[in-house]
Amino acid sequence: MTKTRQGRCLCRAVRFETSGDPKWVSFCHCESCRRALSAPVAAFASFSEDQVRFTGAAPQTFRSSPDVERAFCGQCGSPIWYRHDDLHGDYHLLLAAFEDDHDWQIEKHDFYGEHLPWLVVGDTLPKED
């Protein structure tokens, strides 16, 4: 049986559903993600385009760098996903946007060299730069 997960923005205007398992799940410490979210770290699950279905309002998008596009709700501003041009159009969905789903298996920390020095990371996950 294929697992499905639902997600949404804060105001519920933008909604999405994923099917199957993600390609990867990780924390991101890069400055770009931190600034886009106003948070010390981001957590994403990556799904291929054919695993994601959007419903409701279309998210707004912007280019945060030449090869990265980010999406957010045009009504409430909630961030939803990012896409990197080099990663074949996959959607990297923010874990916090998913509904009541607490079974994520985080695999690693990405861009750990950019982590904030006051953020204490006490897990034993791999830390990649």
Side-chain angles (χ1 to χ4, degrees):
M1 180 181 229
T2 301
K3 180 168 186 146
T4 60
R5 295 176 169 98
Q6 287 77 37
R8 63 175 176 83
C9 65
L10 177 64
C11 73
R12 295 179 161 81
V14 176
R15 295 180 167 276
F16 62 88
E17 179 177 279
T18 62
S19 62
D21 293 324
K23 291 182 172 188
W24 51 259
V25 182
S26 72
F27 291 116
C28 183
H29 295 270
C30 81
E31 182 181 5
S32 181
C33 283
R34 292 194 332 259
R35 292 199 182 278
L37 303 177
S38 294
V41 67
F44 293 102
S46 180
F47 291 88
S48 63
E49 286 181 323
D50 63 346
Q51 290 180 280
V52 182
R53 184 173 65 91
F54 290 96
T55 59
Q60 301 292 308
T61 62
F62 72 98
R63 286 250 170 212
S64 59
S65 62
D67 52 1
V68 173
E69 180 180 39
R70 296 181 185 274
F72 60 96
C73 175
Q75 292 183 42
C76 68
S78 296
I80 305 294
W81 54 259
Y82 88 89
R83 297 176 82 168
H84 193 286
D85 292 346
D86 291 341
L87 299 176
H88 314 292
D90 294 344
Y91 287 103
H92 312 301
L93 295 156
L94 285 152
L95 296 189
F98 283 87
E99 298 271 4
D100 300 324
D101 191 26
H102 304 286
D103 67 346
W104 297 108
Q105 298 296 314
I106 307 290
E107 299 165 19
K108 61 184 175 170
H109 292 268
D110 287 321
F111 299 99
Y112 191 75
E114 297 181 41
H115 84 284
L116 295 169
W118 50 261
L119 178 67
V120 177
V121 177
D123 62 44
T124 59
L125 295 172
K127 294 169 178 67
E128 301 177 4
D129 283 332

* Using the side chain to side chain contact (heavy atoms under 4.5 Å, CB included) rule, pick out the option among P59, C11, P79 that qualifies with C73. => C11
* Report the residues that fulfil ring pair (Phe, Tyr, Trp, His ring centres under 6.0 Å) with H109, sequence neighbours left out, ordered by chain and then residue number. => F27, H29, Y112
* To do: Would you confirm whether K127, through its side chain, and L125, through its main-chain N or O, come within 3.5 Å as a donor-acceptor pair?
  => yes
* Flag, side chain of E114 to backbone of E31, donor-acceptor distance under 3.5 Å -> yes
* To do: Flag yes if W24 and V52 sit in one hydrophobic cluster, no otherwise; membership is Ile, Leu, Val, Met, Phe, Trp, Tyr, and two members link when side-chain heavy atoms are under 4.5 Å apart.
  => no
* Does CZ in F111 sit with more than 12 non-hydrogen atoms of other residues, nucleotides or ligands closer than 6.0 Å? -> no
* Do other residues, nucleotides or ligands put more than 12 heavy atoms under 6.0 Å from the CZ atom of R35? -> no
* Asked: When Q6 is tested against each of E99, R53, R15, E17 for side chain to side chain donor-acceptor pair (under 3.5 Å), which residue passes?
  -> E17
* To do: Supply the members, apart from L10, of the Ile/Leu/Val/Met/Phe/Trp/Tyr cluster built from side-chain contacts under 4.5 Å; use none for a lone residue.
  => none
* Asked: Taking all non-hydrogen atoms of both residues, which atom of T61 and which atom of A71 are closest, and how far apart?
  -> CG2-CB, 4.0 Å
* Check the pair K23 / L87 against side chain to side chain contact (heavy atoms under 4.5 Å, CB included), numbers first and verdict last. => CA-CA 11 Å; K23 291 182 172 188; L87 299 176; over 6 Å; no
* Going by distance alone, is a donor N or O of one side chain under 3.5 Å from an acceptor N or O of the other, for R70 and S32? -> yes
N/O donor-acceptor pairs under 3.5 Å from side chains in residues 36-49, not counting sequence neighbours:
| residue | atom | partner | partner atom | Å |
| --- | --- | --- | --- | --- |
| S46 | OG | H92 | ND1 | 3.0 |
| S48 | OG | D50 | OD1 | 2.4 |
| S48 | OG | Q51 | OE1 | 3.1 |
| E49 | OE2 | R83 | NH2 | 2.3 |

